[in-house]
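Below is one structure, written out as structure tokens; comments come after it.
Quick caveat: nothing in here was measured; it's all calculated off a predicted structure. Just the heavy atoms: all of them, side chains too, but no hydrogens, waters or symmetry mates, feed the values below. As the structure lists them, so they are numbered: ligands from 1, and atoms in each ligand from 1. All residue numbers refer to positions in the sequence shown, counting from 1.
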Amino acid sequence: MRIVDVREITKPIASPIRNAYIDFSRMTASLVAVVTDVERAGRRVVGYGFNSNGRYGQGGLIRERFRDRILEAPPGSLVDEAAGTLDPHGIWAAMMTNEKPGGHGERSVAVGTLDMAVWDATAKIASKPLFRLLAEREGRAAAPRVFVYAAGGYYYPGRDDAALRAEMRSYLDRGYTVVKMKIGGAPLHEDQRRIEAVLAEIGAQARLAVDANGRFDRETAVAYAEMLRQYPLFWYEEAGDPLDYALQAGLADVYPGPMATGENLFSHQDARNLLRYGGMRPDRDWLQFDCALSYGLVEYLRILDVLGQFGWSPSRCIPHGGHQMSLNIAAGLGLGGNESYPDLFQPYGGFPDGVRVEDGHIVMPELPGIGFEGKSDLIQVMRELAE
Ligand SMILES: O=C([O-])CC(=O)C(=O)O
Ligand SMILES: [Mg+2]
């Protein structure tokens, strides 16, 4: 059993939206394929992966370093003979040869993207859905029904509150019970008006989360907290810089409701610092680490270990990114749910065809691997890369 090729292509996922920090007019993503010499059901097994929105494609790093390390590693070091499939931990170690610790930068995105493809291939070779393989390895029962929430509510050029309300209404019509909107890209009083418009629209049918994308300094984060705490929000996300743990910890004193952060922390060491110093509360707050940006599931398993050491349950994790990889982790390892972007970042985000959101949950179909083959628009671009 061998990995015979690793391919990457950088694709546009541009759209005219803006959060408090960046616009997505030039956003790209890496699509990767890990090609094996194994056949299942009459087809060569190819694992696929891509990075989440918000960070750019990683073609340079993948082509200059990580691809060759996989292809040049002793093939036996990449295989789990006993399990009869690839060894994602061995492949991860090969990719990280000659990489110093710390300063995670964006190599974590390159490795996370390849790691997704490796797990897809690993589960396909085992002829199982990834969530079932993960649950078996951890000795727990899989839970195929997964909570999902609808992320959107971006700033668009010329957009008014009526359009924002209509967007949120459309999520409720599609079965979601939690919706998310952006804040911090407009003055506080304007954001407050937008929030009240959305709350009036969703009423008791759903809850609202708000996301500042790390925009605020301490004073502004507190001013928003004091405004936001009068509303029954699902969470207040990424108020300040993702690495400013003191800012986050200070917010807990003024904001009693749930807070969320972690999508821009890319390693178990950063996650540990958040839990050590960030004042996050395991009884109500949410952790959003996204394996596709942070060295993949091999590293995410280490993050879950750190959570355990600090008394956190995996059920407090709702990853960023809206991809099927995190849906599998949620169903296999007992996370609290997953993000979803019903109208954005297609064809990468979303669910296999025919999967519907009901009462804020989806049920995972029984597809081998991550399940990309069940999403026709996505598997089409994937197969153009490698089959
Ligand atoms: O707008 C973005 O960069 C995406 C984001 O923060 C989220 O999905 O939580
Ligand atoms: Mg966010």
Name the residue from Met116, Arg302, Met325 that meets the side chain to side chain contact (heavy atoms under 4.5 Å, CB included) definition with Leu297.
Met325
Determine whether the aromatic ring centres of residues Phe24 and Tyr154 are separated by less than 6.0 angstrom.
yes
To check your reading of the model: name the closest protein heavy atom to atom 5 (C) of ligand 1, its residue, and the distance in Å.
Lys182 NZ, 3.3 Å
We want to know whether Lys182 and Tyr155 form a side-chain donor-acceptor pair, criterion being a heavy-atom distance below 3.5 angstrom.
no
Identify, for atom 6 (O) of ligand 1, the protein heavy atom at the shortest distance, and state residue, atom and that distance.
Asn213 ND2, 2.8 Å
Which of the numbered atoms in ligand 1 are under 4.0 angstrom from any heavy atom belonging to Phe24?
1 (O), 2 (C), 3 (O)
Any idea which atoms of ligand 1 are less than 4.0 Å away from a heavy-atom of His320?
4 (C), 5 (C), 7 (C), 8 (O), 9 (O)
Glu237: heavy atom below 4.0 Å from ligand 1, yes or no?
yes
Per-residue contact class, Phe345 against ligand 1 - non-hydrogen pairs under 4.0 Å
neither
Show me which atoms of ligand 1 lie under 4.0 Å from any heavy atom of Glu263.
5 (C), 6 (O), 7 (C), 9 (O)
For Arg193, I'd like to know if atom CZ has over 12 heavy atoms of other residues, nucleotides or ligands within 6.0 Å.
yes
Would you mind running through ligand 1 and noting each atom that sits below 4.0 Å from a heavy atom of Tyr341?
4 (C), 7 (C), 8 (O)
Atom CD of residue position Glu387 - does it have more than 12 heavy atoms of other residues, nucleotides or ligands inside 6.0 Å?
yes
CD of Glu219: more than 12 outside heavy atoms within 6.0 angstrom?
no
Is there a side-chain hydrogen bond (donor to acceptor under 3.5 Å, both in side chains) between Glu238 and Asn264? Walk through the geometry before answering.
CA-CA 9 Å; Glu238 240 195 354; Asn264 290 302; 2.7 Å; yes
Out of Arg18, Glu238, Lys180, whose heavy atom sits nearest atom 9 (O) of ligand 1?
Lys180
Electrostatic pair Asp283:Arg316 at N-O distance under 4.0 angstrom:
no
I need the OD2(Asp211)-the Mg ion (ligand 2)-OE1(Glu263) angle, rounded to 10 degrees.
180°
Hey, can you tell me if His320 and Tyr341 have their rings parallel, tilted or perpendicular (30° and 60° cut-offs)?
perpendicular
Taking only heavy atoms of Asn19, which atoms of ligand 1 are found under 4.0 Å from at least one of them?
1 (O), 2 (C), 3 (O)
Got an N/O contact under 3.5 Å between Tyr154 and ligand 1?
yes
Please state whether the rings of Phe50 and Phe372 are parallel, tilted or perpendicular, taking 30° and 60° as the class boundaries.
tilted
Of all the N, O or S atoms in Glu237, which has the shortest distance to the Mg ion (ligand 2)?
OE2
I'd like to know whether ligand 1 has Tyr21 as a neighbour, heavy-atom separation below 4.0 Å.
no
Per-residue contact class, Ile22 against ligand 1 - non-hydrogen pairs under 4.0 Å:
neither
Could you tell me whether ligand 1 has any atom less than 4.0 Å away from a heavy atom of Asn53?
yes
